[in-house]
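Right, one structure below, let's go through it.
Numbered from 1 within each chain, the chains take letters A, B, ... in sequence-line order.
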Amino acid sequence: MSTPSTKTATSMSPDSTSGAYNPKEVEAKWTKEWFDKEVFDLDIIPDRPVFSCALPPPNITGNLHMGHALNGTLQDVLIRLKRMQGYSVLWQPGTDHAGISTQMVVERKLKQEKINRRDLGREKFIEKVWEWRKQYGDTIMQQYRRLGVSFSWDRIAFTMDESYVKAIYRAFCILYKEGYIYRGNRICNWCPRCLTSLSDLEVEHEDTKGHLYLIKYPLTEGEGSLTVATTRPETLLGDVAVAVHPADDRYKQYVGKMVKLPLTNREIPVIADNYVEREFGTGCLKITPAHDANDWEVGQRHNLSAPIVIDSEGKLCANEFVPERFHGKDRFVVRKEAVAELEEAGLMVEIKDYEHGVGHCERCHTVIEPYLSDQWYCSMKELAEPAIKVVEEERIKFVPERYAATYLDWMKNIRDWNISRQLWWGHRIPVWTCENEHVDAYETAPEQCSKCDSKTLTQDEDVLDTWFSSALWPFATLGWPEETREFKVFYPTTILSTAREIINLWVARMIFTSLKFVKTIPFKEVLIHPVIQTPDGKRMSKSKGNAVDPLDMIEKYGADANRFWFASVGIKGDQDVRFREDRLDEYKRFANKLWNAGRFVLSQLEGYTPAPIDPQTLTLADRWILHRFNTMLKNVGHAYNEYDFHDATREIYDFTWDHYCDWYIEIAKIQMAKPELKEQTQRVLHNIFEGLMRAMHPTAPFITDELWSRTPKSELFDNYDSIMFAPYPRDDERFFNEQSDAEMGLIMKVIRSVRNIRQTFNVPASSEVEVIVQAENADEKKLLEANVDYVKRLAKAGKVDFELSTLPPRSAWDKVGSIRVAIPLGSTIDIEKTREKLKQQLAATEKELAKQAQIIGNLDFAKKAPPEKVQIIKDQIAELEHKKNSIIEQLKMLD
RNA sequence: GGACAGUUGGCGCAGUUGGUAGCGCACCACUUUGACAUAGUGGGGGUCACUGGUUCGAAUCCAGUACUGUCCACCA
């Protein structure tokens, strides 16, 4: 914002823009311009309203996908809009270290170099990850540039920045000292490939075709047996009981007896527990506390042991519970072998096909193994309470509102959060244990135990769940716990825009952490945008190869066209949107249209000095387009207030193409030819175009900056170096003029009528015709006479006759309300064709008449409908009758 | 199993308080007129998923059904 504005743009030759818009060139030029001038860097302007938001930090392993591009565009539209509206804006960008993902990517890379993480050791490995991050970690930020997003680029944050890490450890220690964080030994979700635990939300349940195995457990005494049902027969080695429902008459007598565990010699008891569903399977449930979360609960209730038979890598353990032949074998291999053995032994009663949900690791898609281990947990119930309240009381609003329910459902049934991960890449849990077994949390590496003299302390091996750090994103990026200026000015942030799939994973956690640590909400509104699916309604995924790369689309259609489409998708419509490339083509053509409109307007401004419009001296068309323009501005402003991007986009698109280009520019050509109207027309043409560029800039920053820079501007804009800092246009009530809309509407209808007749009767486009207009209404007649030039030019009429009371024979005509528009065709008329056309019209009119007659014929309608509605129908009938008679008359004339 | 969405011309979608269905693409015809053929002009095409109900009147309100999609959920 430092260089003076270039008023010389006024004199820019219109020839320098060619016919076709070239997005690539313009985007490259302005990207460079913007970054060279550092226009995006944070600039806190005192005494201004504030608008701020934090970009959901993409993973450093990520590439820009459709979701990023959509969300980025929506936020950028708001940021650019607010900036132009005079707000002090902050859009905090940054990236997430993404524990599991990044570790996976780097491990895979090392594997290609034949290096194993373990051989390397923790420290060396982390060094490798940092190297990787240096090289590739900013890829996605570079990709965002192509979209034209106006982040506060000088403030890119990373969840492993020094100040960010401080925030994490501060947060952890507060929770720890207040007793929210605790160590628990229980069943957790375990990924045998990543070798780490996962939170419930990181497990994807997929319906999988499997089997339900019915296995016989013989009683130790007597002949009988109990048959249990399981989907995972290999886990029976860890069984410690068979449970039945206490009220199940079939099995009551067996409770307390012992059964023999197949494949082993162990004997286990039959117990009774309410958890068992009598209707499911056989009503007998095998209890494997170490390998099933529910069984663990049952085991706890009955004081049962929990033998571990599957290890962290998903292999059978080499211990006394597992027969030697299975030692070290993979769980799925053992499943097959166990099934075979059971069949052999005659203990397999039945194998049923069975479809059920199986948990998979979100990152590597390995089947999750419920695993008994020590993990760090965050106690959630109490922390959730205020977070529920702020949403219930609408201090934080979801847009669309329905997503508040998603959030509240989750929060009200919250379970404790497993925050530890057995990874190397991440924030190491800041808990140290001294040689005297004193455990405590420290914000920085301790020199000495907090509880004794010991100076020998060891830190916990685990790292924090990535989401623990992202939960602090909105305030940690602003410097919390330091009271930085940015923090004071911009926090709480105004909005958060994100995808619905992370409402619980991320949004919920930001809310409760902010309430806990900052004592305030993190943002006022949460915008949830739709998910972009493939054209056939499937989820886009890189691994399935059906994902569309937004960078390819930007390359092909231009960033502005893509942004226009994203904005048109908005957040208020469907919760899923199918990707369609032809939509991008539509907006690409729109950009081209705009470009050419700009070329035309700029070419018409010779000798023109920018000046405001005088509402007093305008023509009908001028008044009309100004009315339309200001109506559009009003609607757009309203739409943005409601976050209705779709509506705003449509308003701009329709105004630009239909009203401004298709009608006003054509009319302007007529007016420009008249010396007395030239300057005024230039003024209207220019003022609207210039304002339109500003109105459109938040959605299409590149093309508008380019065109605006070439557009002459009044001194009012001298201080604005770029359109992005110019004020956003507001509607001016002086230009609202409903009458012009009605009047212009009539003229347009007459023009359309003439065009219609011409084409229906094959009048060559090159020939000028004589048009007869018979207007019964004096005002309408006067209006049409006054604006006859528009009709002449736009309908290609050589002469327009308003006085002829009877039509010459062989005239073709149409009606506009009570006005008859006719073209005498004389010898050129095709009688048969005309007759056929008239008969078609007659049939249509009669059909319509019958429909209306039916409505009016309904006695209840006359009685109960509001009088004005009844009158409307009556008027319509009268008009249709009139039309019908005219057609009949016309047909007679042909004979 | 629960919840939330969607179902309107070939395709993608608009339709704010119920009052004769609109847009873009595609399609047909005409037009290279000095902003734009990535264009202009005109035109054809829909009983608004289905079934009931409320109402003088329903794409619009209510109930149910079907299909599609998403999220949540510890039934082996």
Side-chain angles (χ1 to χ4, degrees), chain A residues 14 17 19-21 187 200-201 205 212-213 228-232 235 243 275-277 279-288 292-297 354 356-357 359 370 400 402-403 405-406 409-410 413 415 500-501 503-504 530-531 533 535 537-539 568-569 573-580 582-583 585-604 646-647 650 653-654 657-658 661-662 665-666 669 752 755-760 762-766 794-796 848 851-852 855 858-866 868-870 872-873 876:
Chain A
T17 53
Y21 176 56
I187 298 271
D200 295 336
L201 288 169
H205 289 272
L212 188 64
Y213 302 89
V228 303
T230 181
T231 54
R232 307 176 59 211
T235 63
Y275 168 70
V276 181
E277 292 280 342
E279 288 74 29
F280 190 90
T282 57
C284 296
L285 173 65
K286 65 195 250 340
I287 301 297
T288 323
D292 183 280
N294 297 307
D295 292 5
W296 169 255
E297 307 267 320
Y354 186 62
H356 63 305
R402 61 173 180 273
Y403 292 114
T406 303
D409 280 354
W410 167 259
N413 297 299
R415 298 164 67 194
R500 66 172 180 279
E501 63 182 4
I503 289 175
N504 300 327
V531 171
Q533 301 177 325
K538 299 278 182 321
R539 190 180 183 79
S568 80
V569 161
D574 294 353
Q575 60 183 10
D576 302 308
V577 169
R578 295 179 181 197
F579 175 78
R580 287 287 309 243
D582 54 8
R583 299 298 309 275
D585 194 49
E586 183 187 338
Y587 290 115
K588 182 191 173 193
R589 292 205 311 275
F590 180 60
N592 192 61
K593 185 77 182 172
L594 186 70
W595 183 253
N596 281 293
R599 279 208 313 148
F600 174 76
V601 172
L602 297 182
S603 74
Q604 298 301 309
H646 174 270
D647 222 33
R650 216 199 60 235
Y653 184 99
D654 290 350
W657 204 310
D658 299 345
C661 290
D662 284 352
I665 285 185
E666 292 309 316
K669 289 174 186 169
R752 287 201 175 106
R755 287 170 173 169
N756 184 319
I757 297 167
R758 293 183 66 113
Q759 298 220 10
T760 305
N762 292 333
V763 179
S766 51
L794 298 179
K796 233 179 172 214
E848 196 57 41
K851 216 160 143 188
Q852 301 293 345
I855 295 174
N858 184 336
L859 291 179
D860 285 332
F861 175 73
K863 230 185 291 167
K864 294 183 184 174
E868 64 269 21
K869 299 287 181 191
V870 178
I872 288 172
I873 301 286
Q876 279 170 354

Atom [atom1], compared across [N] and [M]: separation rounded to whole Å:
N      : M      : atom1 : result
C28(B) : C67(B) : C1'   : 34 Å
U65(B) : C27(B) : C1'   : 36 Å
A58(B) : G24(B) : C1'   : 27 Å

**Message:** Could you tell me if the side chain of Tyr653(A) sits less than 4.5 Å from the side chain of Ser568(A), heavy atoms only?
**Reply:** no
**Message:** Do Ile187(A) and Glu297(A) have side chains that approach each other closer than 4.5 Å (heavy atoms only, starting at C-beta)?
**Reply:** no
With sugar-phosphate meaning primed atoms plus P, OP1 and OP2, does [X] contact a base, only sugar-phosphate, or nothing at under 4.0 Å between heavy atoms?
X         : answer
Ala229(A) : base
Pro370(A) : nothing
Asp409(A) : nothing

**Asked** For the side chain of Ala865(A), counting heavy atoms from C-beta on, which of U38(B), A76(B), C56(B) is nearest?
**Response** C56(B)
**Message:** Checking contacts here: which listed nucleotide (C4(B), U41(B), G19(B)) is nearest the side-chain heavy atoms of Arg402(A)?
**Reply:** C4(B)
**Prompt:** Quick one: does Glu586(A) reach the base of A26(B) with a side-chain donor-acceptor pair under 3.5 Å?
**Reply:** no
**Prompt:** Has the side chain of Gln759(A) got a donor or acceptor atom sitting under 3.5 Å from an opposite partner on the base of U41(B)?
**Reply:** yes
**Prompt:** Where does RNA chain B pair, written as one dot-bracket string 5' to 3', with Watson-Crick or G-U pairs under 3.5 Å, ( ) inside the strand, [ ] for crossing pairs and | for another strand?
**Reply:** (((((((..((((.....[..)))).(((((.......))))).....(((((..]....))))))))))))....
**Request:** Consider only side-chain N and O atoms of Asn756(A) and Thr760(A), and report whether a donor and an acceptor are under 3.5 Å apart.
**Result:** yes
**Request:** For the pair Trp657(A) and Phe590(A), name the ring-plane relationship: parallel under 30°, tilted 30 to 60°, perpendicular over 60°.
**Result:** parallel
**Request:** Over 60° means perpendicular and under 30° means parallel, so classify the ring planes of Tyr354(A) and His356(A), tilted if in between.
**Result:** parallel
**Prompt:** Is Arg589(A) paired with Asp582(A) through a side-chain N to carboxylate O contact shorter than 4.0 Å?
**Reply:** no
